[in-house]
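Data block below; observations after.
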Amino acid sequence: MLRVYNTLARKKEEFKTLEPNLVKMYVCGVTVYSDAHIGHAMFALVFDIVRRYLTYRGYDVRLVINYTDVDDKIINRANSLGVDASELAEKYINEFRRQIEVLNILPATVNPRATQEMPQIIRMIDGLIEKGFAYPAKNGDVYFRVTKDPDYGKLSGRRIEDMQAGARNEVGEEKEHPMDFALWKASKTGEPAWDSPWGQGRPGWHIECSAMNLSHLGEQIDIHGGGNDLVFPHHENEIAQTESYTGKPFARYWMHNGMLQLQGEKMSKSIGNLVTIDEFLSRHEADALRMMILNGSYRAPLSYSDDIVDAAERGLDRLRSGLKPAQPGATSTSTNVGTELDKQAETTQQTFIDAMDDDFNSSGGLAALFELVRSINTARDAGASNAQLKPAQDTLTELTSVLGLRLHEKKSSGGDADKFIALLVDIRTEMRKEKNWGISDLIRDRLKDLGVAIEDNKDGTTWHW
RNA sequence: GGCGUCGUGGCCAAGCGGCAAGGCAAGGGUCUGCAAAACCCUCAUCACGGGUUCAAAUCCCGUCGACGCCUCCA
């Protein structure tokens, strides 16, 4: 039985979908105004793992991830760069798409954008005004009336009275209540603007997600996800808008991933303590980032450091070791090594599912895989043949791919260099036959400096990058 | 100040009432010409103080500490 931690309930709950075998899932994406950092990759990876696992468990997953392509920061950045806001957004959307692909994150079913949903957004705001949940102000803004929503604050566990002290009321805003938030913002001259019944303007941040949910998934969805920094106010406001509009409970499960931290603080654009996705990928393989996340809990904060990346990379090497072929010349001589291994593979699969069923406990799932790796390696050492190893290795491959790991040979792209390395290895083999250890070791050491590892086995030498 | 999450070996981390998973690192061993890889062995009573219970890392209360949110934020 799959159980999911629901922020709304503050506990794990049995996972039941609205419709059999279909999961309607919405995840808040990024605001595209500058280079994405690995914290953004984290949310995408977390929900990719969730999505892959749900698929593995037999669900059809309809996943919607939006791009916020119009807001103050985009406009400001575009102005300071002297470019068009929509061009800027377009650029970063394309970059993020590319990065998502490199990170082996499956594409969402739909990636809606705020600017392409204007009719729906306006219709929704209009409906909220009609029902008395929103009001247009004199300056052309439209605000949501929080006092009209009896359970406002239920997701973040806040009460309106407690929050008033910190509420911000900017100059020029004409709110009835300090906690009211903007559904529509009147545009100043030179800003991107759309026509609306309340004049030229653009949507507030929260309403776009509500509107996209409505148009792409319907009034009620199964899972709504995002970073835990979005719980308040973003998700709180989304609930308020959508439920006030439809009169129905919005998302069944609210899932939030923890923040990626650097030097003890949340990695964020505003603090400036960030590592961009491209920077990370220039130095590490894509799977390393995923591995870091899998090793922990998606809900807990993750501290980024070289040690963590290192451990993740070694862990990947270890998983890969299970996929190595049988010893050269091994024929299935061993008696019941094969059946023992098959049994272990079955156990592993069950343990893996049990762990992942418990709110996507990936570190538990990983532990099961490491045990399978050990069993495979032990069997190989005992002389198992490729045919005997295969079923267990297939299981390993299947389950790692459920987690989205590819276990590729590291930088296999030596290109032309590969041929020459093979040549050196051949020469070294001859040297070794003549017990010329000096030259043999020199070749091995020099290749190691170049990033090529050599391993001598009973019946030959293998190498890899 | 308010709301919330959390504090497990050198590091990361699972566990959610019944003798503390797993990975990395470290030490010892097998294998090897030497290595590497692989395999075997070793390595914690769970922030602190009370309480509940036959039994607590796991439940309750308190203290200390960390982080997130309360303003744009994955």
Side-chain angles (χ1 to χ4, degrees), chain A residues 7 10-12 27-31 33 36-47 65 68 71-73 76 153 155-159 161-168 170 179 205 225-234 236 256-261 264-271 291-292 294-297 299-303 305 307-308 310-319 321-322 324 327 351 355 358 361-371 373-374 376-382 432 435-437 440-441 444-445 448 453-458 461-464:
Chain A
T7 306
R10 308 213 175 279
K11 62 181 182 198
K12 291 177 192 171
V27 177
C28 288
V30 287
T31 301
Y33 71 101
H37 59 71
I38 53 180
H40 299 121
M42 181 168 173
F43 96 84
L45 284 163
V46 163
F47 290 102
I65 303 180
T68 297
D71 93 330
D72 292 352
K73 279 176 303 197
N76 291 340
L155 179 69
S156 54
R158 291 151 208 257
R159 295 180 309 158
E161 310 86 76
D162 293 338
M163 292 186 284
Q164 292 193 35
R168 187 170 68 169
E170 284 180 2
M179 291 308 297
W205 177 36
N228 68 11
D229 54 347
L230 299 183
V231 173
F232 189 89
H234 187 55
E236 193 70 72
H256 294 97
N257 64 278
M259 293 294 103
L260 189 67
Q261 296 177 213
E265 269 185 310
K266 179 172 88 163
M267 185 176 288
S268 82
K269 292 177 184 175
S270 38
I271 300 174
M291 191 67 178
M292 283 165 47
L294 289 169
N295 185 46
S297 156
R299 286 192 282 131
L302 176 62
S303 292
S305 71
D307 287 350
I308 295 294
D310 231 50
E313 289 181 321
R314 309 278 180 117
L316 286 171
D317 283 343
R318 176 143 185 83
L319 287 177
S321 76
K324 290 180 181 170
Q327 293 175 341
T351 310
D358 182 14
N361 178 353
S362 53
S363 67
L366 224 39
L369 299 186
F370 281 119
E371 269 164 39
V373 166
R374 187 169 45 237
I376 293 171
N377 289 340
T378 301
R380 185 193 302 104
D381 281 1
R432 291 184 70 225
K435 299 196 189 301
N436 189 337
W437 310 127
S440 305
D441 292 352
R444 185 173 63 197
D445 292 346
K448 189 183 178 192
I454 284 192
E455 292 167 18
D456 297 324
N457 300 299
K458 280 197 178 62
T461 298
T462 57
W463 68 272
H464 62 85

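Values below: all heavy atoms of this structure, side chains included; hydrogens, waters and symmetry mates excluded. Residue numbering restarts at 1 for every chain, and letters A, B, ... go by the order of the sequence lines. Bear in mind that the values here come from a model prediction, so they are computed numbers and not experimental data.
In this entry the distance linking CG of A:Leu319 with C1' of B:A38 reads 15 Å, nearest Å. The distance between atom CG of A:Asp307 and atom P of B:G23, rounded to the nearest whole Å, is 18 Å. As rounded to whole Å, 13 Å separates atom C1' of B:C12 from atom CE of A:Met42. The CG atom of A:Leu260 sits 12 Å away from the P atom of B:G68 (whole-angstrom rounding). To the nearest angstrom, P of B:A74 lies 17 Å from CD of A:Glu265. Between the CE atom of A:Met179 and the C1' atom of B:C70 there is a distance of 8 Å, rounded to whole Å. Distance, A:Asn228 CG to B:C3 P: 18 Å, rounded to whole Å. In this structure, the CG atom of A:Asn76 is 19 Å from the P atom of B:U71, given to the nearest Å.
Comparing the P positions of B:A25 and B:A38 gives a spacing of 9 Å, expressed to the nearest Å. Remark: the separation of the C1' atoms in B:C61 and B:G68 is 25 Å, to the nearest Å. Between the C1' atoms of B:C16 and B:C6, the separation comes to 14 Å (whole Å). Rounded to a whole angstrom, the distance from the C1' atom of B:C67 to that of B:G9 is 23 Å. For the C1' atoms, the distance linking B:G23 with B:A13 amounts to 8 Å, nearest Å.
Between A:Asn257 atom CG and A:Leu45 atom CG the span is 10.0 Å, to the nearest 0.5 Å. Between A:Lys324 atom NZ and A:Ile376 atom CD1 the span is 12.5 Å, to the nearest 0.5 Å. Separating the CG atom in A:Leu260 from the OG atom in A:Ser303 is a distance of 8.0 Å, to the nearest 0.5 Å. Interatomic distance, A:Met42 CE to A:Ile38 CD1, rounded to the nearest 0.5 Å: 10.0 Å.
Within the shown strands, nothing qualifies as a pairing partner of B:U58 under the Watson-Crick or G-U definition with both distances less than 3.5 Å. Across all strands shown, nothing is found opposite B:C43 as a Watson-Crick or G-U wobble partner with both distances under 3.5 Å. Under the Watson-Crick or G-U wobble criterion, with both distances below 3.5 Å, B:C31 is left unpaired in every strand shown. Taking a pair to require two hydrogen-bonding distances under 3.5 Å in either a Watson-Crick or a G-U wobble arrangement, B:U71 remains unpaired. The pairing partner recorded for B:G65 is B:C6, the criterion being a Watson-Crick or G-U wobble arrangement whose two distances lie under 3.5 angstrom. Under the Watson-Crick and G-U wobble criteria, each requiring two contacts below 3.5 Å, nucleotide B:C19 is left unpaired.
Nucleic acid contact class of A:Lys435 (heavy atoms, under 4.0 Å, all strands): none. Using a 4.0 Å heavy-atom criterion, one finds that A:Leu369 contacts no nucleic acid atom at all. Within the nucleic acid shown, A:Arg314 comes within 4.0 Å of sugar-phosphate atoms alone, with no base atom in reach, counting heavy atoms only. Here A:Arg444 lies in heavy-atom contact (under 4.0 Å) with a base. If you check every strand for non-hydrogen atoms under 4.0 Å, A:Gly225 touches nothing. Counting non-hydrogen atoms under 4.0 angstrom, A:Asn436 reaches nothing in the nucleic acid. Residue contacts for A:Ser297: at a heavy-atom cut-off of 4.0 Å it reaches the sugar-phosphate backbone alone, with no base atom in range. Contact annotation for A:Val30: backbone-only contact, meaning every heavy-atom pair under 4.0 Å involves sugar-phosphate atoms and none involves a base. A:Lys324 comes within contact range of the sugar-phosphate backbone alone, with a heavy-atom separation under 4.0 Å but no base atom that close. Across all strands, A:Met267 comes closer than 4.0 Å to base atoms (heavy-atom distances).
By the 4.5 Å heavy-atom criterion applied to side chains, A:Leu319 and A:Met291 are counted as neighbours.
The A:Gln261 side chain lies nearest to B:C67 when the options are B:C69, B:A74, B:C67. Nearest nucleotide to the side chain of A:Ile308, out of B:A38, B:G15, B:C12: B:C12. Proximity note for A:Lys12 (side chain, C-beta onward) versus B:C69, B:G33, B:G15: the nearest is B:G15.
Comparing A:Gly226 and A:Phe232 by the nucleotide of RNA chain B whose heavy atom lies nearest to each, the residue mapping closer to the 5' end is A:Phe232. Mapping A:Thr378 and A:Gly315 onto RNA chain B by nearest heavy atom places A:Gly315 at the nucleotide closer to the 5' end.
Not one side-chain nitrogen or oxygen of A:Asn457 sits closer than 4.0 Å to the OP1 or OP2 atom of B:U32. For the OP1/OP2 pair of B:A74 and a distance below 4.0 Å, the side-chain nitrogens and oxygens of A:Lys266 include no atom meeting the criterion. Taking only side-chain nitrogens and oxygens, A:Thr31 comes nearer than 4.0 Å to OP1 or OP2 of B:A74. At B:C39, one or more side-chain N or O atoms of A:Asn377 fall inside 4.0 Å of OP1 or OP2 (strictly under the cut-off).
Scanning for side chain to side chain contact (heavy atoms under 4.5 Å, CB included) contacts around A:Glu371 gives A:Arg374, with sequence neighbours left out. The side chain to side chain contact (heavy atoms under 4.5 Å, CB included) test applied to A:Lys435 returns A:Trp437, not counting sequence neighbours. Listed by chain and number, the residues in a side-chain hydrogen bond (donor to acceptor under 3.5 Å, both in side chains) with A:Thr7 are A:His256 (sequence neighbours excluded). By the salt bridge (charged side-chain N to carboxylate O under 4.0 Å, His left out) test, A:Asp441 pairs with A:Arg444, sequence neighbours left out. Listed by chain and residue number, nothing satisfies the side-chain hydrogen bond (donor to acceptor under 3.5 Å, both in side chains) test with A:Thr378 (two or more places apart in sequence, or in another chain). A:Asn436 meets the side-chain hydrogen bond (donor to acceptor under 3.5 Å, both in side chains) test with no other residue; sequence neighbours excluded. Residues satisfying the side chain to side chain contact (heavy atoms under 4.5 Å, CB included) criterion with A:Pro301, sequence neighbours excluded, are A:Gln261.
Within 3.5 Å, a donor on the side chain of A:Arg432 pairs with an acceptor on the base of B:G33, or the reverse. Contact annotation: side chain of A:Arg158 to base of B:C69, donor-acceptor pair present below 3.5 Å. In this model, a side-chain donor or acceptor of A:Asp441 finds a partner on the base of B:G33 within 3.5 Å. The base of B:C70 lies outside donor-acceptor range of the side chain of A:Arg159, with no N or O pair under 3.5 Å.
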Taking N or O atoms only and anything under 3.5 Å, show me the protein contacts with nucleotides 26-28 of chain B, one pair per line.
none

Do any N or O atoms of the protein come closer than 3.5 Å to N or O atoms of nucleotides 19-22 of chain B, and which pairs are they?
residue: B:G22; atom: N2; partner: A:Asn295; partner atom: OD1; Å: 3.2

Please step through side chain to side chain contact (heavy atoms under 4.5 Å, CB included) for the pair A:Asn76 and A:Tyr33, ending with a clear verdict.
-> CA-CA 9 Å; A:Asn76 291 340; A:Tyr33 71 101; over 6 Å; no
